[in-house]
Structure formats: structure tokens, C-alpha cells
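Scroll down for the structure; my scribbles are underneath it.
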Amino acid sequence: MVLEFDPAFIQAPEHRPKPAVAEAGSIPLIDLSPLHLLEQHGGPLVEGLEVLVAQVEAACREWGFFQVINHGVPPTVVERAWAASRGFFALPPEERRRVRRDEVNPLGYYEAENTKNVRDWKEVFDFVVHERAVIPSPGDAGGGVDRLIELRNQWPQLPHGFREALVEYAQATEELAFTLLELISLTLSLPPKRLHGFFKDQTSFIRLNHYPPCPSPHLALGVGRHKDSGALTILAQDDVGGLDVRRRSDGEWVRVKPIPNSFIINVGDIVQVWSNDKYESAEHRVSVNSERERFSIPFFFNPAHYVMVKPLAELVDEKNPANYEEFNWGEFFKTRKNSNFKKLDVENIQIYHFKKAK
Ligand code: OGA
Ligand code: NI
């Protein structure tokens with residue numbers, strides 16, 4: 001019997017992965033051990049920190065992607081998060097669906113997400129890092145006065161210790177997120193805590209991704225090509241590999257090599273706008289394979305819903321005018337989420353829609 005591959009998952013020919021994707025020997029690997037110097041930072045940058053800031057600056061400019069080691073998140077914390085994720089996705093489907101996301105609650109389990117209107121070969125579990133954060137109600141159409149909903153996590157009863165492991169992981173990675181934000185501020189010649197205020201009522205969330213083996217990996221993608229819409233993403237991936245980044249120099253897709261005890265960091269759309277295009281959020285996607293399931297855990301570092309995103313005042317002047325109109329983060333996020341939830345006939349919202357005409 002020949003099983004028909006569900007057409008909902010089939011990518012247009014130009015977006016299908018090639019049989020061999022080059023391995024990215026060249027996405028920068030940055031050792032964060034000089035970070036302890038940040039705590040003592042007051043006046044001019046001390047030497048070790050200066051080198052680190054220069055590395056982060058170059059990586060953000062040239063790739064929008066880098067890997068970090070010696071990042072301060074304890075390996076045991078990461079291990080427990082992996083175990084929680086594997087345990088959850090090993091549960092029977094009806095158990096997973098008990099915490100399924102719906103039109104009212106955008107958090108929990110979901111297995112039918114689309115990226116750019118093509119179904120992704122994956123299942124996910126989403127939870128927010130700070131529960132009382134509010135966002136515009138996902139069910140509402142844009143343009144009007146929004147109702148706000150309070151974000152509430154849906155924790156499954158099983159596997160045991162799931163919630164505790166992930167709350168611990170969230171705390172540790174959130175700390176890293178703020179540290180990276182300080183580094184990015186320094187690369188823009190701003191005071192280290194310049195961007196912290198935007199995250200006071202942050203809408204950050206963590207996603208457990210599970211990519212089951214796929215019978216037609218040449219036709220489908222785990223996640224279709226996209227850019228992350230928030231400020232930064234901190235991604236843990238297992239040893240299977242499959243994350244592909246679009247290289248700026250030639251537009252080729254290159255595979256990010258798994259490195260034990262590392263995180264992959266990528267610049268999101270908000271940093272692109274804040275930096276007025278000094279840094280660009282890089283396009284990426286996930287290829288799947290027919291043999292091994294793959295797991296990954298991205299932390300999407302997102303500001304408060306009420307933040308108006310626009311190029312930072314310090315970085316614009318008469319000679320360098322702002323390249324973007326300001327937009328409201330909550331609205332943007334809601335519109336993007338809605339398009340992942342439903343199939344739409346139109347392209348989903350992108351930051352270039354806010355780009356000013358030259
Ligand atoms: C994402 C993403 C990459 C991965 O979920 O936005 O890009 O390796 N994931 O799973
Ligand atoms: Ni992504």
C-alpha cells in the first residue's frame with residue numbers, strides 16, 4: 001500500500017530542502033566566560049569584555065545568529081528540561097490533547113501550526129515565562145479597541161515534575177536573555193541596561209518543539225522559513241540537527257551544527273527595528289528527516305504588549321533617519337499568532353510592512 005503524503009504539509013518546490021544542506025562551519029561560536037566582568041562594569045569596558053562585545057557585534061551584523069558556550073545555565077537544568085519534553089511528547093495523544101491550545105487560550109499543546117500557510121511537521125508545547133502578562137485577545141480582529149487577556153499556562157498532570165523542570169529552565173534562561181540584552185546594548189554604544197525597561201511586563205514564552213520522523217523530508221519542513229518576531233531567541237537543540245539559516249552573502253541555506261552545552265542565539269525582528277537595520281533578523285527553517293525524531297527548545301524573549309517598537313532615538317538623527325514607522329508589539333504578536341493558527345489567504349504580518357518608503 002502506498003500511503004499518500006498529506007498535501008497540507010507540502011512546500012512549494014522553491015522552498016523544499018535540497019538533499020544536502022551545507023553545514024555552517026561559520027556561524028560564530030562565542031565563549032561567554034568573560035561575562036562575569038559585566039557585573040563590575042561601570043566605566044570604560046575592561047579588556048575581556050571589550051573583545052566579547054566586539055564578537056557579539058560582528059555576529060549580529062554578519063549573521064544575526066551565533067552559538068554561545070559557558071553561558072551560565074547549569075547543564076543539569078537543561079537536562080531536566082529535555083527529560084520533561086521527551087516525557088510529554090511520549091504520552092498518548094489523548095493525554096497531550098488535554099492541554100491543547102484553542103481559540104481562547106494560545107498556550108499549551110498544539111500539533112497543527114502553519115508557517116506562511118503551509119503546515120509544519122512538528123508538535124509543540126508553549127508556556128509563558130511570566131504568567132500574569134497580558135496580550136490583546138487573540139480572537140479579536142485587528143484595528144479596533146482590543147480586549148486584553150491574561151496569559152495562563154496549561155500544565156499537564158504528566159509527566160511528573162514537568163512544570164518544576166520547566167519553571168527552573170525558564171528562570172535560568174531568562175537570566176541569560178537579560179545578559180544578552182546588555183551585551184547587545186553595549187554593541188550599540190548604549191548603557192547596558194538601556195533596553196531592560198521594555199521587558200517589565202514581558203510576554204516571553206518558551207516552546208518545546210518535537211519533530212517526529214517524516215516519511216517525506218524532501219517535501220515538508222519542521223518549521224517553514226521565517227524570522228522570529230520578538231527581540232531575541234535562545235534555542236537549545238539536541239544532537240540530531242536540522243536548523244538551517246539563510247546565509248546573507250549568497251542566500252544559501254546552511255545547517256547549524258549541534259554543539260553540546262551550547263545555545264543558539266538569534267536576533268529577532270524587534271532588535272532589527274531598534275537598531276534601525278544595523279542588525280537584521282535572519283531567516284531560518286527546520287529540515288526534518290525520516291529516521292530520527294528531533295527536539296528543540298526556543299525561548300522567545302518578547303517585550304510587554306504595550307511597547308511601541310521603533311528605532312531607538314539615540315541611533316537616529318537627520319543623517320540617519322528612522323527606517324520604520326512605530327508599531328505596537330501586542331498587536332503585531334496577535335496578528336502573527338492568528339495566522340499560525342488559521343490558514344489565511346493573505347501573507348501574514350511582517351516588519352517590512354512598517355518600513356518607511358525612501
Ligand atoms: C522556531 C524555530 C528552530 C528549531 O521554533 O521558531 O525556529 O531548531 N525553531 O527548532
Ligand atoms: Ni524561529
Side-chain angles (χ1 to χ4, degrees), residues 11 15 17 21 23-24 27 63-68 78 81-82 85-86 88-89 101 106-116 118-129 169 173 177 203-214 217 220-247 253-260 262-272 279-289 292-302 332-333 336-337 339-341 348-351:
Q11 297 283 333
H15 299 312
V21 173
E23 205 150 82
I27 100 159
W63 281 89
F65 257 90
F66 52 101
Q67 274 171 296
V68 295
V78 182
W82 285 128
S85 176
R86 286 177 178 276
F88 176 75
F89 290 112
R101 124 184 174 197
L107 301 168
Y109 173 72
Y110 199 55
E111 75 303 336
E113 197 164 80
N114 293 303
T115 302
K116 301 198 199 292
V118 182
R119 178 104 174 254
D120 292 332
W121 191 269
K122 70 176 182 198
E123 48 182 347
V124 304
F125 178 88
D126 290 339
F127 66 99
V128 282
V129 175
Y169 182 82
T173 43
T203 55
S204 304
F205 72 102
I206 292 182
R207 165 167 281 187
L208 309 179
N209 277 313
H210 176 225
Y211 306 97
C214 176
L221 288 168
V223 187
R225 80 207 143 86
H226 69 283
K227 297 176 175 193
D228 293 346
S229 51
L232 290 177
T233 306
I234 300 177
L235 179 97
Q237 69 166 337
D238 67 12
D239 64 346
V240 173
L243 172 62
D244 301 330
V245 177
R246 174 106 74 177
R247 184 163 53 203
W253 289 103
V254 288
R255 175 94 16 114
V256 180
K257 194 174 160 207
I259 296 177
S262 71
F263 287 108
I264 297 158
I265 313 299
N266 66 287
V267 163
D269 287 343
I270 291 181
V271 165
Q272 176 170 330
Y279 303 143
E280 273 175 59
S281 68
E283 197 167 33
H284 55 285
R285 69 176 189 196
V286 175
S287 293
V288 284
N289 72 83
R292 290 184 71 190
E293 62 181 342
R294 175 173 179 266
F295 295 87
S296 74
I297 311 180
F299 176 120
F300 298 105
F301 194 36
N302 296 338
F332 186 86
F333 187 53
R336 180 65 80 84
K337 276 253 158 203
S339 73
N340 291 349
F341 195 66
N348 63 8
I349 193 164
Q350 303 291 338
I351 45 160

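Remember, predicted model here, so these are calculated numbers, not experimental data. Remember, it's 1-based here, ligands and their atoms both numbered in the order they're listed.
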Legend entry - Flag side-chain contact, heavy atom, 4.5 Å: H210 against F88: no
Inset, instruction - Mind listing the closest non-hydrogen atom pair of G230 and N302 along with its distance? - result: CA-OD1, 3.2 Å
Inset, instruction - With heavy atoms of Y211 as the reference, note each atom of ligand 1 found under 4.0 Å away. - result: 4 (C), 9 (N), 10 (O)
Legend entry - Any side-chain heavy-atom pair of P106 and D126 under 4.5 Å: no
Inset, instruction - Run the numbers for me: atoms of ligand 1, each under 4.0 Å from some heavy atom of D228, listed by number. - result: 6 (O)
Legend entry - Ligand-side contact atoms (ligand 1) for residue partner F300, heavy atom cut-off under 4.0 Å: 1 (C), 5 (O), 6 (O)
Legend entry - Distance-minimising heavy-atom pair for W121 and P213: NE1-O, 3.4 Å
Legend entry - Metal environment of the Ni ion (ligand 2), protein N/O/S under 2.8 Å: H226 NE2, D228 OD1, H284 NE2
Inset, instruction - Under 4.0 Å from a heavy atom of H284: give me the atoms of ligand 1 that qualify, with their elements. - result: 7 (O)
Inset, instruction - Take every heavy atom of R294, measure it against each atom of ligand 1, and state whether any distance is under 4.0 Å. - result: yes
Legend entry - Nearest-neighbour protein heavy atom for atom 3 (C) of ligand 1, which is reported as residue plus atom name and distance: V286 CG2, 3.5 Å
Legend entry - From T115 atom OG1 to R336 atom CZ, the distance as rounded to the nearest 0.5 Å: 9.0 Å
Legend entry - 4.5 Å side-chain heavy-atom contact, Q237 and R294: yes
Legend entry - Basic-acidic side-chain contact under 4.0 Å: D238, R292: no
Legend entry - E283 (side chain) donor-acceptor with R225 (main chain) under 3.5 angstrom: no
Legend entry - Atoms in ligand 1 with a heavy atom of L235 nearer than 4.0 Å: 3 (C), 4 (C), 8 (O)
Legend entry - Numbering as shown, the atoms of ligand 1 that approach N209 to under 4.0 Å (heavy-atom distance): 5 (O), 9 (N), 10 (O)
Legend entry - CZ on R86 to CG on L208, rounded to 0.5 Å: 12.0 Å
Inset, instruction - With heavy atoms only and a cut-off of under 4.0 Å, state how H226 meets ligand 1: side chain, backbone, both or neither. - result: side chain
Inset, instruction - Mind checking the CZ-CZ spacing from F295 to F89? Nearest 0.5 Å is all I need. - result: 7.5 Å
